[in-house]
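Every heavy atom of this structure was used, including side-chain atoms; hydrogens, water molecules and symmetry mates were not.
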Amino acid sequence: MTQQEALDLIKKLLKAKDEDQLMQLVSLHLPSVDGVFFGTADAVARQLDEDGKASAANALRGLTDRMLSMKMLI
């Protein structure tokens, strides 16, 4: 996964309208997420914190933690 692909996926995940849509996106993309995705997500979360968007940063961190756990089960 490239950094741009990771950013595009992070944007999609953050814009999911509900938990069902979010989990559909996660399920669809989980096989392709890798270290680039997780590193990019961490950088985005730090930037959100710096921009005063702590709730979005925490939501992203929580989601990536869940995705990492799911990835480890595959």
Side-chain angles (χ1 to χ4, degrees):
M1 176 173 279
T2 67
Q3 189 173 20
Q4 186 58 53
E5 289 169 334
L7 285 171
D8 292 344
L9 178 55
I10 291 164
K11 288 177 187 176
K12 287 179 187 177
L13 294 171
L14 290 174
K15 291 181 180 180
K17 64 180 179 174
D18 57 29
E19 184 72 12
D20 287 339
Q21 184 183 36
L22 180 63
M23 286 299 104
Q24 283 180 324
L25 287 168
V26 168
S27 295
L28 179 65
H29 295 283
L30 192 61
S32 64
V33 299
D34 57 11
V36 172
F37 171 82
F38 290 109
T40 303
D42 184 58
V44 169
R46 284 193 312 255
Q47 186 62 51
L48 287 167
D49 275 332
E50 289 175 16
D51 293 345
K53 298 177 181 175
S55 62
N58 290 334
L60 179 57
R61 285 187 183 104
L63 176 61
T64 56
D65 286 348
R66 286 171 55 192
M67 290 174 72
L68 183 58
S69 293
M70 292 168 74
K71 186 79 173 169
M72 295 177 107
L73 294 174
I74 292 178

Between the side chain of Asp51 and the main-chain N/O of Lys53, is any donor-acceptor distance below 3.5 Å? no
Closest approach of Met1 to Phe37 (non-hydrogen atoms, all atoms of both residues): SD-CB, 3.6 Å
Under 3.5 Å: donor-acceptor pair, side chain of Ser32, backbone of His29: yes
Nearest-0.5 Å distance that lies between atom CG in Asp42 and atom CG in Leu60: 8.5 Å
Straight-line distance of Leu25 CG to Met23 CE, nearest 0.5 Å: 9.0 Å
Test side chain to side chain contact (heavy atoms under 4.5 Å, CB included) on Val36 and Thr2; report intermediate values, then the result. CA-CA 7 Å; Val36 172; Thr2 67; 5.9 Å; no
Please round to the nearest 0.5 Å and tell me the distance separating atom OG1 of Thr64 and atom NZ of Lys71. 14.0 Å
Specify the closest pair of heavy atoms between Ala45 and Ala57, including all atoms of both residues, with the distance to one decimal. O-CB, 3.4 Å
Do Leu68 and Leu63 sit in the same hydrophobic cluster, where Ile, Leu, Val, Met, Phe, Trp and Tyr count as joined when their side-chain heavy atoms come under 4.5 Å apart? yes
If you group Ile, Leu, Val, Met, Phe, Trp and Tyr by side-chain heavy-atom gaps below 4.5 Å, do Phe38 and Leu14 land in one group? yes
Heavy-atom count around Gln47 CD within 6.0 Å, excluding the residue itself: above 12? yes
Does Lys12 come within less than 4.0 Å of Asp8, counting only side-chain N to carboxylate O? no
Where do Asp65 and Arg61 land on the salt bridge (charged side-chain N to carboxylate O under 4.0 Å, His left out) test, with the steps shown first? CA-CA 6 Å; Asp65 286 348; Arg61 285 187 183 104; over 6 Å; no
Let's go through Leu13 and Met67 carefully: what are the C-alpha distance in whole Å and the side-chain angles of both, what is the deciding distance for side chain to side chain contact (heavy atoms under 4.5 Å, CB included) to 0.1 Å, and is it a yes or a no? CA-CA 11 Å; Leu13 294 171; Met67 290 174 72; 4.0 Å; yes
Going through the distances and angles, do Glu19 and Leu22 end up as a side chain to side chain contact (heavy atoms under 4.5 Å, CB included)? CA-CA 5 Å; Glu19 184 72 12; Leu22 180 63; 3.9 Å; yes
